[in-house]
Amino acid sequence: MKLTLSLNGHSTELVAAPGARLLDVLRDAGCTSVKRGCETGDCGACCVLLDGEPVNSCVVPAAFAADAIVTTLEGLNDDPLMRRLQDCFLEAGAVQCGYCTPGLLLVAWQRLREGGELTEYDVRHAMSGNLCRCTGYAKPVRAVLDAWEAMP
Ligand code: FES
Ligand code: FES
């Protein structure tokens with residue numbers, strides 16, 4: 001099956017086996033920020049943005065991405081807000097093994113882009129689908145709040 005989609009801002013044609021998951025197709029396309037974790041939709045390591053909304057790509061059929069806009073962390077390398085978020089994660093010591101980090105960054109970026117007030121509760125709610133075994137969440141939450149406070 002051939003899929004035409006916008007992947008990280010580029011019109012892209014990907015080949016997917018019948019029944020393939022978006023996770024596998026994206027990793028085969030070189031998007032290795034999309035991590036393979038639980039593969040049951042529970043950990044958020046495989047999070048990507050599908051038409052702007054966070055989804056767990058391990059439970060999304062690749063066919064759902066046909067004619068869609070898919071964004072992975074690779075597509076936001078030059079985005080100023082993402083760069084600020086990454087700086088804040090580093091400054092807060094919010095990255096340990098790093099396996100959860102792409103997913104956390106994507107959901108945080110999407111939440112910051114929504115604008116408006118942001119409380120610790122909001123950040124924890126936004127990250128509630130992303131499991132982190134290392135940090136205890138306090139530092140990632142602090143990093144997102146720092147990034148928000150630094151927004152113009
Ligand atoms: S690998 Fe997809 S939610 Fe865990
Ligand atoms: S930093 Fe290791 S799982 Fe989050």
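Counting begins at 1 with the first residue of the sequence. Note that ligands are numbered from 1 as they come in the structure, with each ligand's atoms numbered from 1 the same way.
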Could you tabulate the donor-acceptor pairs under 3.5 Å formed by side-chain atoms of residues 86-103, not counting sequence neighbours?
from	atom 1	to	atom 2	distance (Å)
Y99	OH	R36	N	3.4
Y99	OH	R36	O	2.5
T101	OG1	G98	O	3.3

Any N/O/S of C58 under 2.8 Å from atom 2 (Fe) of ligand 1? yes
Does C46 bring an N, O or S atom to within less than 2.8 Å of atom 2 (Fe) of ligand 1? yes
Report whether any nitrogen, oxygen or sulfur of C100 sits less than 2.8 Å from atom 2 (Fe) of ligand 2 (N, O or S, backbone or side chain). no
Atom indices of ligand 1 within 4.0 angstrom of G37 heavy atoms, with elements: 1 (S)
For R133, the atoms of ligand 2 under 4.0 Å from one of its heavy atoms are 3 (S)
Going by the atom numbers of ligand 2, which of them fall below 4.0 Å from some non-hydrogen atom of G98? 1 (S), 2 (Fe)
Rounded to 10°, how big is the angle at atom 2 (Fe) of ligand 2 from C97 SG to C134 SG? 100°
Intermediate values then yes/no, side chain to side chain contact (heavy atoms under 4.5 Å, CB included), C46 and K35: CA-CA 5 Å; C46 64; K35 300 303 183 196; 5.9 Å; no
Please name the residue in the list V123, L118, L106 that meets the side-chain contact (heavy atoms from CB on, under 4.5 Å) test with R111. L118
Would you mind telling me if ligand 1 is within reach of the side chain of D42, the backbone, both or neither, using heavy atoms under 4.0 Å? backbone
Less than 3.5 Å apart, any donor N or O on the side chain of T72 or N8 sitting next to an acceptor on the other? yes
